Amino acid sequence: MSGRRKDAKLCSLKCRNRARYSVPRQREPLVCTVVEDSKRCTNPATHRLTSDVWCKKHHARWERHGSPLAVRVKQRPKGEVQAQLRAAALAEATDCILLPNSEGGRLTVTHEGDAMTASRAVWVIANGNPGERHVLHTCHRGDEGCVNVRHLYLGDHRQNMTDMVESDRSTRGERHGAAKLTLTQVMEIHERYRDEERQSALATAYGVDTSTISNVVTGKNWGWARTSG
């Protein structure tokens with residue numbers, strides 16, 4: 001009877017046997033599952049994504065480049081970029097001189113203590129500080145990293161936006177509906193809307209959705225165009 005009373009403290013016979021005979025299992029540390037150059041990584045895993053576990057290094061690669069196998073782009077030798085900028089500022093060739101970043105876009109550099117695009121740095125070297133004016137590209141390849149001084153010219157904010165939309169080269173231009181509306185059409189829409197023309201009528205006139213017209217007249221898209229005219 002005493003044995004029964006002692007066992008009664010446990011909820012079941014199964015729990016009693018587990019408490020009496022089981023040995024706590026030591027959980028094995030997880031190891032990164034990434035296989036690189038035919039060899040599996042042996043670093044301890046610190047992050048989990050679905051069925052994969054990654055170490056700190058491979059997870060950082062995934063966050064930065066979208067893949068745990070991406071490797072850091074080889075850095076340019078010290079002083080090489082500044083030498084290329086000076087050469088571009090004295091360029092006599094008419095072809096584009098591309099100096100992109102590691103992802104193929106605009107390169108940002110530090111020149112005279114300030115961070116700026118490489119094309120702006122080339123303009124500063126060749127012509128001095130342009131102040132608040134924008135450095136634009138006649139070749140429309142600024143997003144690809146062109147730094148040829150012969151392709152550069154100065155403009156204001158409106159010229160920069162117009163150039164961006166007409167060249168159809170940036171994500172912002174796509175967000176503004178560059179494929180559907182031009183800057184001239186946007187200015188006309190604002191004028192006609194101020195004359196109390198209905199948005200549905202404007203949408204029909206310009207062959208776009210009513211939501212596109214709404215985004216234009218409220219400034220959600222092309223907001224800069226409302227004050228640039």
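Keep in mind the model is a prediction, meaning the values are calculated, not measured.
Under a 3.5 Å cut-off, the side chain of Asn148 and the backbone N or O of Asp95 do form a donor-acceptor pair. A donor-acceptor pair is defined here as one N or O able to donate and one able to accept, closer than 3.5 Å; such a pair exists between the side chain of Thr218 and the backbone of Ser214. Counting only distance, with no hydrogens or angles, the side chain of Arg120 and the backbone of Pro130 share no donor-acceptor pair below 3.5 Å. Asn101 places a side-chain N or O within 3.5 Å of a backbone atom of Arg106 that can act as its donor or acceptor partner. Remark: side-chain polar atoms of Gln199 are not paired, donor with acceptor, to backbone N or O of Thr212 under 3.5 angstrom. In this structure, the side chain of Arg192 does not engage the main chain of Leu202 through any donor-acceptor pair within 3.5 Å. Between the side chain of Asp195 and the backbone N or O of Glu197, no donor-acceptor pair lies under 3.5 Å.
Annotation: the span from Trp123 atom CH2 to His134 atom NE2 amounts to 14.0 Å, rounded to 0.5 Å. Taking CD of Gln84 as the reference point, atom CG of Leu107 lies at 9.0 Å (rounded to 0.5 Å). A distance of 6.0 Å separates OG1 in Thr94 from NE2 in His151, rounded to the nearest 0.5 Å.
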Quiz item: Can you check side chain to side chain contact (heavy atoms under 4.5 Å, CB included) on Cys32 and Val53, steps first, answer last?
Solution: CA-CA 5 Å; Cys32 182; Val53 289; 5.9 Å; no
Quiz item: Run the side chain to side chain contact (heavy atoms under 4.5 Å, CB included) check on Trp54 and Thr46 step by step: do they pass?
Solution: CA-CA 6 Å; Trp54 297 336; Thr46 56; over 6 Å; no
Self-check item: Test log, rule side chain to side chain contact (heavy atoms under 4.5 Å, CB included), inputs Val149 and Leu90
Solution: CA-CA 7 Å; Val149 69; Leu90 300 173; over 6 Å; no
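Between Glu144 and Arg141, at least one side-chain N (NZ, or NE/NH1/NH2) sits under 4.0 Å from a carboxylate O, which counts as a salt bridge.
Within a 6.0 Å sphere centred on NZ of Lys56, other residues, nucleotides and ligands contribute 12 heavy atoms or fewer.
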